[in-house]
Amino acid sequence: VHKTNQDDKQEILDLLGGIEREGIKETIDYLNDSDFFRTGCHSHHMYFGGLARHSLEACHYALNHIQSEPRESVIISSLLHDTCTSHSRATYGIRRHGSRSVKILERICHLNLTSDEREAILLHMHGDAPQMQTNSLARLVWKADKVSAAGKAKLN
């Protein structure tokens with residue numbers, strides 16, 4: 001049972017730390033250096049640590065609903081879809097929600113995203129996008145985001 005922001009932070013760091021991919025260390029460093037673990041989300045989870053809690057709820061939901069999607073891709077896409085909500089000096093001037101997350105992850109953290117992961121993060125607020133028909137990871141991340149934002153996702 002997750003009781004504190006510190007618990008959420010540690011689980012996120014453990015999940016990401018278990019992934020071996022170019023840029024994952026830089027991504028973890030970015031999360032630690034930004035306000036990712038302290039800030040709230042923009043329209044839900046608006047409390048200290050809300051962004052981390054929302055990201056973890058979305059990840060739990062997505063992991064519990066995997067069909068054929070690679071576990072690593074599910075973790076990356078669901079945990080990092082709202083990276084754009086965090087702030088650091090390195091992100092000044094980067095605009096737009098989904099594309100901002102991708103730019104932070106690829107340009108600042110040098111995280112090597114797959115095309116499905118990139119699309120899932122870009123489209124996580126656009127359930128009606130045509131790509132949702134062919135990208136099951138994007139559908140899963142969109143649904144996980146929606147369920148958590150509605151307050152219906154629980155950490156298990």
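These numbers were taken from a predicted model, which means no experiment stands behind them. Side chains included, hydrogens not; waters and symmetry mates left out as well; all remaining heavy atoms used.
- For the atom pair Asp8 CG and Phe37 CZ, the distance stands at 9.5 Å (nearest 0.5 Å).
- Rounded to the nearest 0.5 angstrom, Asn32 CG and Lys9 NZ are separated by 4.5 Å.
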Kindly determine whether Leu80 and Ile75 satisfy side-chain contact (heavy atoms from CB on, under 4.5 Å), including the steps that lead there. CA-CA 8 Å; Leu80 302 174; Ile75 292 169; over 6 Å; no

Derivation of the side-chain contact (heavy atoms from CB on, under 4.5 Å) call for Asp82 and Asp145: CA-CA 9 Å; Asp82 273 341; Asp145 179 48; 4.0 Å; yes

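- Atoms NZ and CG, from Lys103 and Leu122 in turn, are 9.5 Å apart once rounded to the nearest 0.5 Å.
- The same ILVMFWY cluster, assembled from side-chain heavy atoms under 4.5 Å apart, contains both Ile28 and Leu51.
- In terms of heavy atoms, Arg139 sits closest to Thr134 at NH1-N, 4.0 Å.
- In terms of hydrophobic clustering, with Ile, Leu, Val, Met, Phe, Trp and Tyr side chains grouped at heavy-atom distances under 4.5 Å, Leu123 and Tyr61 are assigned to different clusters.
- The minimum heavy-atom distance between Ser77 and Leu137, with the atom names listed, is OG-CD2, 3.5 Å.
- A heavy-atom distance below 4.5 Å is found between the side chains of His65 and Leu140.
- Ile108 is not listed as a side-chain neighbour of Thr27, based on a closest heavy-atom distance of 4.5 Å or more.
- Leu79 and Cys59 get closest at one heavy-atom pair: CD2-CB, 3.6 Å.
- Under the 3.5 Å distance criterion, the side-chain polar atoms of Ser148 are left unmatched by any main-chain donor or acceptor of Ala144.
- At a threshold of 4.5 Å between side-chain heavy atoms, the hydrophobic network of Ile, Leu, Val, Met, Phe, Trp and Tyr places Leu63 and Ile24 in one connected group.
- Contact record, Asn135 with Ala138: OD1-N, 2.9 Å, taken as the closest heavy-atom pair.
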With side-chain contact (heavy atoms from CB on, under 4.5 Å) as the test, would you mind laying out the steps for Glu11 and His60 before giving the verdict? CA-CA 11 Å; Glu11 184 172 353; His60 277 244; 2.8 Å; yes

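- Criterion: ILVMFWY side-chain heavy atoms under 4.5 Å apart, direct or through other members. Under it, Leu16 and Ile121 are part of a common hydrophobic cluster.
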Show, in sequence, the C-alpha distance, side-chain angles and deciding distance for Leu111 and Glu22, and conclude whether the side-chain contact (heavy atoms from CB on, under 4.5 Å) test is met. CA-CA 6 Å; Leu111 183 61; Glu22 182 182 336; over 6 Å; no

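- The structure places OG of Ser73 at 11.5 Å from CZ of Arg118, a figure rounded to the nearest 0.5 Å.
- Between atom SG of residue Cys109 and atom CG of residue Asp29 there is a gap of 8.5 Å, rounded to the nearest 0.5 Å.
- A salt bridge (charged side-chain N to carboxylate O under 4.0 Å, His left out) check over residues 59-77, counting only residues at least two apart or in different chains, returns the pairs Arg21-Glu72.
- Taken together through direct or relayed side-chain contacts under 4.5 Å among Ile, Leu, Val, Met, Phe, Trp and Tyr, Leu13 and Tyr30 form part of one hydrophobic cluster.
- Remark: Glu26 CD to His110 NE2 distance equals 7.0 Å, nearest 0.5 Å.
- For the pair Ser68/Ser136, a side-chain contact is recorded, criterion being any heavy-atom separation below 4.5 Å from C-beta on.
- Inspection of the His81 and His54 side chains reveals an N or O donor paired with an N or O acceptor under 3.5 Å.
- In this structure, Phe36 and Ile12 have side chains that are in contact, with non-hydrogen atoms separated by less than 4.5 Å.
- Residues Cys84 and Ile104 approach most closely at CA-CD1, 3.8 Å, considering heavy atoms.
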